[in-house]
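Every number for a ligand or one of its atoms is a count from 1 in the order of the listing. Remember, it's a predicted structure, so these values are computed and weren't measured experimentally.
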Amino acid sequence: MSEQLQPVGVIGVGWVGLVTAACFAELGHRVIARDIVPEKVEALSRGEVAIHEPGLEDLLRRNAERITFTTEMSELLEGARLLFVCVDTPPTYSGDADLSRVRAVVEEMPSESEHVLVMKSTVPAGTGDSIRRDMPERSYVSCPEFLKEGTAVEDFMHPDRVVIGADPGDEGAADAVEELYKPLGGEILRTDVSSAEMIKLASNAFLATKISFINEIANVCEEVGADVGQVAKGMGLDERIGSSFLRAGIGYGGSCFPKDVSALKMLAGNTGYHFQLLTAVIEVNELQKRRVVNKLEKHLGSLIGKRIALLGLAFKPDTDDMREASSLVLSARLQGEGAEVVAYDPVASERAADLLASVEMASSAMEALDGADAVVLVTEWREFAELDWAAAAARMARPLLVDGRNFLDPKVLTGAGFEYEGIGRQSAGDRRISASSVARVQSTPHSLRP
Ligand code: UGA
């Protein structure tokens with residue numbers, strides 16, 4: 001069967017490229033994956049996977065015979081017609097997307113050939129248009145990726161939707177891409193190139209907006225004595241709203257949301273349009289991480305000389321990705337206030353150590369808690385739910401926990417001897433604050449109320 005399937009080329013074997021290569025190989029395709037970093041290619045050829053992504057290593061091992069890793073563009077061009085571009089588009093200092101790696105790929109393409117560039121990298125709307133202007137002979141298809149780190153293989157294999165954008169003249173190339181995705185199920189949406197590019201940016205920006213929205217609701221809940229978990233549940237039951245991405249916490253991170261929200265804001269700004277809503281989404285996300293510091297100060301007073309433990313460093317569980325992780329901002333803020341920071345992450349400690357040179361890395365959660373004046377749960381790794389919290393309380397100088405992800409059961413923690421603070425969740429401390437703030441609002445004349 002595999003002989004009948006068309007070979008697939010992948011350019012750039014980062015998270016998206018590697019998952020794309022492994023999954024197309026699993027579907028029976030021959031895959032040629034090219035990266036410019038020789039060490040990466042050598043390691044992958046030996047079967048070594050440097051990123052933590054559940055299921056990926058198994059998939060690569062199982063399909064090793066179908067995948068070739070190479071640094072040579074010529075090998076890729078000889079072996080495959082459909083070339084999936086999966087290079088990264090990190091933010092520049094200005095907040096725009098850095099397209100230099102995408103441009104480098106385009107420059108390496110022969111000016112006339114049967115190859116089809118299939119853009120998976122997240123690029124600002126208009127990028128495809130400009131590539132096609134430069135290379136009118138080139139077939140170009142936009143096929144944005146919607147996978148999430150931590151569940152990337154599952155997301156690739158079972159997509160909600162596959163968006164395939166092509167402009168007039170490239171319908172045949174788009175049909176070929178559609179053939180590849182058909183076996184996966186999921187709705188296939190055909191659009192023009194610019195619309196496909198916008199769908200990706202708008203989807204990430206909308207999800208980020210949902211998170212910042214619920215985080216602001218959580219902050220108000222703290223003031224008025226409501227519980228954000230119950231509020232989110234009640235909102236989510238309205239199918240127009242939906243229940244996902246309404247988990248309040250200390251904000252979103254990762255390699256995508258911060259970059260894509262900023263890129264969309266800048267894309268609009270470059271056309272002269274001020275995307276006000278996204279400006280607020282970004283600001284709320286920044287401030288949300290810092291609220292943890294206020295919560296700690298509420299209990300501990302000055303943080304000078306206080307030992308604060310961070311549980312979890314990766315931007316979310318089931319990944320070792322530290323890009324734009326909340327832990328980076330939080331640890332810097334805590335150290336800025338004079339605190340001593342100790343941290344533990346089940347898989348990201350090694351990656352994090354390079355970025356957090358002045359943070360002490362513990363080899364277990366319990367070790368991190370030893371003698372700590374407070375602990376902040378930053379990433380909701382499952383093992384933290386299973387910790388013996390009574391034993392943990394006994395090891396700490398002061399059993400105070402700020403649950404930055406509303407992950408733990410406040411009753412269990414209180415029962416274990418902890419002072420518990422969530423985000424927009426009710427705790428004894430919150431109730432005292434909310435009662436007084438409600439009284440304050442009630443005694444304020446209407447015209448002066450915030
Ligand atoms: C995100 C999108 O969800 C994917 O669809 C997209 O393909 C990807 O970006 C990308 O552009 O490549 P990812 O960055 O892997 O995927 O992570 P998410 O699971 O979406 O989480 C992003 C952040 O939001 C995390 O820091 C997470 O903790 C936070 N989050 C998520 C919340 O704070 N609350 C929520 O309710 C959900």
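Between Asn204 and ligand 1, an N or O atom pair is found at a separation short of 3.5 Å.
Of all the atoms in ligand 1, the ones that sit under 4.0 Å from a non-hydrogen atom of Asp260 are 11 (O). Taking a cut-off of under 4.0 Å to the non-hydrogen atoms of Glu149, the atoms of ligand 1 that pass are 15 (O). Annotation for ligand 1: atoms under 4.0 Å from non-hydrogen atoms of Glu145 are 7 (O).
In this structure, Gly253 counts as a contact residue of ligand 1, since one of its heavy atoms falls inside 4.0 Å of the ligand. Ligand 1 has at least one atom lying under 4.0 Å from a heavy atom of Arg405. Taking 4.0 Å as the cut-off, Cys256 counts as a neighbour of ligand 1 on heavy-atom distance. Ligand 1 lies within reach of Lys200, whose nearest heavy atom is under 4.0 Å from it.
The protein atom (non-hydrogen) at minimum distance from atom 7 (O) of ligand 1 is Leu147 O, 2.7 Å. Of all protein heavy atoms, the one lying nearest to atom 25 (C) of ligand 1 is Phe315 CD1, 3.7 Å. Protein heavy atom closest to atom 5 (O) of ligand 1, with residue, atom name and distance, is Phe146 O, 2.7 Å. The protein heavy-atom contact nearest to atom 36 (O) of ligand 1 is Arg247 N, 2.9 Å. Looking only at protein heavy atoms, the nearest one to atom 32 (C) of ligand 1 is Ile211 CD1, 3.6 Å. Considering only non-hydrogen protein atoms, atom 1 (C) of ligand 1 sits nearest to Phe257 CE2, 3.5 Å. With hydrogens left out, the protein atom closest to atom 3 (O) of ligand 1 is Lys148 CG, 3.5 Å, a heavy atom.
Using modelled atom types and a 3.5 Å distance limit, the side chains of Glu53 and Trp15 yield a donor-acceptor pair. Defined by atom type and a distance below 3.5 Å, a donor-acceptor pair is present between the side-chain atoms of Thr92 and Ser94.
Remark: the backbone N or O of Val347 is not paired with any side-chain donor or acceptor of Asp320 at under 3.5 angstrom. Looking at Arg66, its side chain does come within 3.5 Å of a backbone N or O of Ala25 through a donor-acceptor pair. Counting only distance, with no hydrogens or angles, the side chain of Arg132 and the backbone of Arg138 share no donor-acceptor pair below 3.5 Å. No donor-acceptor pair under 3.5 Å is formed between the side chain of Arg101 and the backbone N or O of Val87.
Atoms CD and CD1, from Gln288 and Ile423 in turn, are 6.0 Å apart once rounded to the nearest 0.5 Å.
Of all the heavy atoms of Lys316, the ones lying under 4.0 Å from any atom of ligand 1 belong exclusively to the side chain.
Residues Phe84 and Phe24 place their aromatic rings such that the two centres sit under 6.0 Å apart. Between Tyr252 and Phe315, the distance separating the two ring centers is not shorter than 6.0 angstrom.
Just one of Lys289, Lys295, Arg291, Glu297 meets the side chain to side chain contact (heavy atoms under 4.5 Å, CB included) condition when paired with Val293; it is Glu297.
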